[in-house]
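First up is the structure itself, then whatever we jot down about it.
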Amino acid sequence: MAHYKAEQDDWLLVYLKYLLFVFNFFFWVGGAAIMAVGVWTLVEKSGYLSVLASSTFAASAYILIFAGALVMVTGFLGFCAIVREDRSCLSTYFCLLLAIFLVELVAGVLAHMYYQRLSDELKQHLTRTLAENYRQPGAADITTSVDRLQQDFKCCGSNSSADWQHSAYILSQEAEGRRVPDSCCKTVVARCGQRAHPSNIYKVEGGCVSKLEQFLADHLLLMGAVGIGVACLQICGMVLTCCLHRRLQLHFY
């Protein structure tokens with residue numbers, strides 16, 4: 001009977017190792033996905049970050065990159081712990097899983113808080129940016145961001161093209177009679193902003209605010225979905241790690 005129980009314990013140990021190995025593979029892939037989403041957000045969409053009042057959106061992306069890199073390192077440690085059947089490595093692996101889970105929780109809370117105030121922030125800050133900072137000395141990054149924003153989203157002005165009537169740039173001699181910046185034009189050519197007709201410039205209901213708000217909401221949703229998916233995997237991983245640690249303890253003692 002004792003021999004049968006020992007043999008049964010060996011089979012349970014093998015099953016737990018294989019289960020944790022499979023989990024660890026998907027966990028490692030999930031880490032790569034988290035880091036890829038964060039890097040893509042910062043590299044491909046960083047041109048829009050200059051027009052945001054706070055750095056919460058960028059901070060969430062940086063947290064995802066950090067968490068993704070930590071996940072990949074932790075995954076490698078997990079593979080070593082499983083192969084070596086080392087309980088101290090498994091304990092470290094469990095602690096790192098818990099730490100990553102808490103980091104992702106913080107990123108999720110930040111993203112949720114930012115989403116709640118997203119609309120008001122965009123309406124207030126973007127309107128002020130267009131009026132006070134566009135084409136002003138020392139604001140080259142903001143000018144580039146606004147021009148890219150209007151061309152990429154095919155929009156003009158914060159809420160409408162009429163917002164540009166209050167812009168310091170449009171009211172200055174530098175505008176050369178433009179009623180809107182050239183980046184509002186459907187086909188950008190020199191001084192095309194002098195003609196603010198719907199056939200020439202983008203006239204979008206809700207302006208750039210509605211477009212940018214939808215863009216950011218979609219990205220926050222993507223970040224949240226990836227984070228929740230990996231967090232669920234982590235809970236399973238922590239349970240399996242505890243089971244394997246306990247089984248190894250019983251096996252050797």
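Because only heavy atoms are used, hydrogens play no part in the values below, and waters and symmetry mates are left out as well, while side chains stay in.
No donor-acceptor pair under 3.5 Å is formed between the side chain of D218 and the backbone N or O of F215. With K186 contributing its side chain and P198 its backbone, the two residues share a donor-acceptor pair below 3.5 Å. No donor-acceptor pair under 3.5 Å is formed between the side chain of N159 and the backbone N or O of G207. When atom types are taken as modelled, the side chain of Q150 and the backbone of D182 share no donor-acceptor pair closer than 3.5 angstrom. With hydrogens and angles ignored, the 3.5 Å screen pairs no side-chain donor or acceptor of S183 with any backbone N or O of Q151.
The distance from the CG atom of D147 to the CG atom of D152 is 10.5 Å, given to the nearest 0.5 Å. We find the SG-CZ distance between C184 and R195 to be 14.0 Å, quoted to the nearest 0.5 Å. In this structure, E174 CD and R135 CZ are separated by 6.5 Å, a value rounded to the nearest 0.5 Å. Note: R179 CZ to I170 CD1 = 10.0 Å, rounded to the nearest 0.5 Å. Within the model, atoms CG of L98 and CD1 of I235 stand 10.5 Å from one another, a figure rounded to the nearest 0.5 Å. The structure places OG of S158 at 5.0 Å from CG of D163, a figure rounded to the nearest 0.5 Å.
A single hydrophobic cluster is not seen to contain both V204 and V180; linkage of ILVMFWY side chains at heavy-atom distances under 4.5 Å, directly or through other members, places them apart. L149 is connected to V209 through a chain of hydrophobic side-chain contacts under 4.5 Å among Ile, Leu, Val, Met, Phe, Trp and Tyr, so both are in one cluster. No chain of hydrophobic side-chain contacts below 4.5 Å, direct or via other Ile, Leu, Val, Met, Phe, Trp or Tyr residues, connects L96 to V239. Using a 4.5 Å cut-off between side-chain heavy atoms of Ile, Leu, Val, Met, Phe, Trp and Tyr, with links allowed through other members, I201 and Y169 fall into the same hydrophobic cluster. By the criterion of side-chain heavy atoms lying less than 4.5 angstrom apart, applied directly or through intervening Ile, Leu, Val, Met, Phe, Trp or Tyr residues, L171 is not grouped with V146; the two fall into different hydrophobic clusters.
F153 approaches K211 most closely through the heavy-atom pair O-CE, 3.5 Å. Between W28 and F76, the shortest heavy-atom distance links the atoms CD1-N, 4.3 Å. The nearest pair of heavy atoms linking T74 to I100 is OG1-CD1, 3.4 Å. The nearest pair of heavy atoms linking F21 to F79 is CE1-CD2, 3.4 Å. Nearest approach of A139 to N133, heavy atoms of both residues: CB-O, 3.2 Å. Between S161 and K203 the shortest heavy-atom distance is OG-NZ, 2.9 Å.
Each side-chain hydrogen bond (donor to acceptor under 3.5 Å, both in side chains) pair with one or both residues in residues 89-101, not counting sequence neighbours, appears once here: N24-Y93, S91-H245.
Between L130 and S167, every side-chain heavy-atom pair lies at or beyond the 4.5 Å cut-off.
Between Y134 and W164, the two ring planes are perpendicular [angle over 60°; tilted spans 30° to 60°].
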message = Let's go through C208 and C155 carefully: what are the C-alpha distance in whole Å and the side-chain angles of both, what is the deciding distance for disulfide bond (SG atoms under 2.5 Å apart) to 0.1 Å, and is it a yes or a no?
response = CA-CA 5 Å; C208 292; C155 59; 2.0 Å; yes
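If you check the gamma sulfurs of C192 and C185, they are less than 2.5 Å from each other.
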